[in-house]
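Contents: one structure, followed by commentary.
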Amino acid sequence: MRHAGETPAGTGESFVRVLEGALSRAECRAIVDRMADAAGHPGSVLRRSADVVDLRLRRCREHTLDDEVARLVVAAMVGAAREAHAGAGEEIRLDGPKFCSYAQGEYFRAHRDRSGDARDPDVVRARRLTVVCALNDADPDGGLPVFDGGALILHVPGSDGVMEARPVQPAAGSLVIFEAGLLHEVRPVRAGTRYSAIAWTFAPAGTEPAGHDG
């Protein structure tokens with residue numbers, strides 16, 4: 001995997017890393033084809049420990065894929081997460097992945113993936129890093145479906161401390177890794193369908209994660 005860009009942790013800015021080539025375009029195509037064949041269900045959000053559909057906040061579909069496909073994505077995510085957690089001296093635990101598609105006009109409003117609500121599951125409150133795998137992009141190479149819009153926006157502090165909306169539009173097969181407490185969003189898709197997988201690393205039992213509203 002090649003590091004396309006990184007904002008190191010501990011520099012006053014939130015940790016953000018983009019790794020290209022985690023999956024090949026052929027692997028992405030195989031996953032996207034499986035997702036297109038699976039009808040899926042409306043994407044949900046967590047509200048007081050319950051998964052609910054809130055179309056004001058999130059419009060997309062989640063797809064259930066077989067274990068063989070999921071293992072391919074998990075292997076890439078765990079490898080990248082282990083590198084991101086280098087020096088932490090702890091086991092890497094992964095919650096996910098979820099496979100999501102955003103059709104034209106669909107979005108995910110600004111939110112955080114780590115919760116500070118004591119009513120939410122421990123695994124959500126203990127999330128450390130969010131790992132997003134882009135499965136297609138604006139390039140039809142490899143037979144992948146293309147889409148326009150749907151940018152991942154990370155709200156990060158700039159050099160002057162003022163929050164900036166920083167767009168990230170990774171190539172298919174890339175991983176985007178960032179702190180689970182970071183405010184982020186998926187902008188509306190203008191054309192086509194955006195395919196991605198998402199998972200989270202979380203703290204082992206007995207550790208105390210930093211609290212964030214989410």
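Results of the side chain to side chain contact (heavy atoms under 4.5 Å, CB included) test with Asp95 over Ile198, Val123, Thr201 single out Val123 as the only residue that passes.
When all heavy atoms of Asp137 and Ala172 are compared, the closest pair comes out as OD2-N, 2.8 Å. Here the shortest heavy-atom pairing between Val189 and Ala103 reads CB-O, 3.5 Å. Scanning both residues, Arg109 and Pro188, for their nearest heavy atoms gives NH1-CG, 4.3 Å. Nearest heavy atom pair, residue Ala110 against residue His155, reads CB-NE2, 4.5 Å. Taking every heavy atom of both residues into account, Pro97 and Val74 meet most closely at CD-CG2, 3.4 Å. The two residues Arg125 and Arg114 make their nearest non-hydrogen contact at O-CG, 3.5 Å.
Here the straight-line distance linking atom CE of Met35 with atom OG1 of Thr64 works out to 10.0 Å at 0.5 Å rounding. Considering CG of Leu135 and OG1 of Thr193, their distance stands at 12.5 Å, rounded to 0.5 Å. The distance from the OG atom of Ser196 to the CG atom of Asn136 is 8.5 Å, given to the nearest 0.5 Å. Atom NZ of Lys98 and atom CG of Leu65 lie 13.5 Å apart (nearest 0.5 Å). To the nearest 0.5 angstrom, Met77 atom CE is 8.5 Å from Leu23 atom CG. Here the SG atom belonging to Cys100 is positioned 12.0 Å from the OH atom belonging to Tyr195, to the nearest 0.5 angstrom.
When atom types are taken as modelled, the side chain of Gln104 and the backbone of Arg190 share a donor-acceptor pair closer than 3.5 angstrom. Under the 3.5 Å distance criterion, the side-chain polar atoms of Asp148 are left unmatched by any main-chain donor or acceptor of Ala191. Looking at Arg187, its side chain never comes within 3.5 Å of a backbone N or O of Gly150 through a donor-acceptor pair. In this structure, the side chain of Asp120 does not engage the main chain of Ser115 through any donor-acceptor pair within 3.5 Å. Proximity of a side-chain donor or acceptor of Glu27 to a complementary backbone N or O of Ser24 within less than 3.5 Å is detected. A donor-acceptor contact shorter than 3.5 Å is absent between the side chain of Arg128 and the backbone of Ala180.
With a 6.0 Å cutoff to the six-membered ring centre and a 45° limit on the axis angle, Arg127 does not count as a cation-pi contact of Phe202. Both tests do not hold together for Arg17 against Phe15: distance to the six-membered ring centre under 6.0 Å, angle to the ring axis within 45°.
Considering only heavy atoms from C-beta on, Arg48 comes within 4.5 Å of Asp117 through its side chain. With contacts defined as side-chain heavy-atom distances shorter than 4.5 Å, the pair Pro121/Leu46 qualifies. Proximity of Val32 to Pro145: side-chain heavy atoms (C-beta onward) are separated by under 4.5 Å at one or more points. Counting heavy atoms from C-beta outward, Phe178 and Leu154 have side chains that approach closer than 4.5 Å. Residues Trp200 and Leu129 form no side-chain contact, since every pair of their non-hydrogen atoms from C-beta on lies 4.5 Å or further apart. Contact check for Val45 versus Asp51: no side-chain heavy atoms found under the 4.5 Å cut-off. Using a 4.5 Å heavy-atom threshold, the side chains of Arg194 and Ser101 count as separate.
Here Asp54 does not pair with Arg58 in a salt bridge; the nearest charged N to carboxylate O distance is not below 4.0 Å. Ion pair Arg34/Asp37 not flagged as a salt bridge, since none of the NZ, NE, NH1 or NH2 atoms sits closer than 4.0 Å to an Asp/Glu carboxylate oxygen. We find that Arg25 and Asp141 are joined by a salt bridge, their nearest charged nitrogen and carboxylate oxygen being less than 4.0 Å apart.
Hydrophobic clustering places Val168 together with Val132 (ILVMFWY residues linked when any side-chain heavy atoms are closer than 4.5 Å, directly or through intermediates). Residues Val78 and Phe99 are members of one and the same hydrophobic cluster, defined by side-chain heavy-atom contacts under 4.5 angstrom among Ile, Leu, Val, Met, Phe, Trp and Tyr. Leu57 and Leu183 sit in two unconnected hydrophobic clusters of ILVMFWY residues. Membership requires side-chain heavy atoms under 4.5 Å apart, directly or through other members. No path of Ile, Leu, Val, Met, Phe, Trp and Tyr side chains, each step under 4.5 Å between heavy atoms, connects Met163 with Val16, placing them in separate hydrophobic clusters. No continuous path of hydrophobic side-chain contacts links Val176 to Tyr107 [ILVMFWY only; heavy atoms under 4.5 Å].
Ring-centre distance between His184 and His111: below the 6.0 Å cut-off.
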Q.
Please determine whether side chain to side chain contact (heavy atoms under 4.5 Å, CB included) holds for the pair Val18 and Leu175, giving the CA-CA distance in whole Å, both sets of side-chain angles, and the decisive distance to 0.1 Å.
A. CA-CA 6 Å; Val18 180; Leu175 296 177; over 6 Å; no

(Q) Could you go through Val186 and Tyr102, starting from their C-alpha distance and side-chain angles, then the distance that decides it, and tell me whether this counts as side chain to side chain contact (heavy atoms under 4.5 Å, CB included)? (A) CA-CA 9 Å; Val186 176; Tyr102 292 79; 4.2 Å; yes

Q: Please assess Leu144 against Cys28 for the test side chain to side chain contact (heavy atoms under 4.5 Å, CB included), listing each intermediate value before the final yes or no.
A: CA-CA 8 Å; Leu144 280 170; Cys28 290; 4.1 Å; yes

Q: Could you go through the side chain to side chain contact (heavy atoms under 4.5 Å, CB included) check for Val146 and Asp139 one step at a time?
A: CA-CA 6 Å; Val146 300; Asp139 184 351; 5.7 Å; no

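Counted by atom type alone, Thr130 and Asp113 present one or more donor-acceptor pairs between their side chains at under 3.5 Å.
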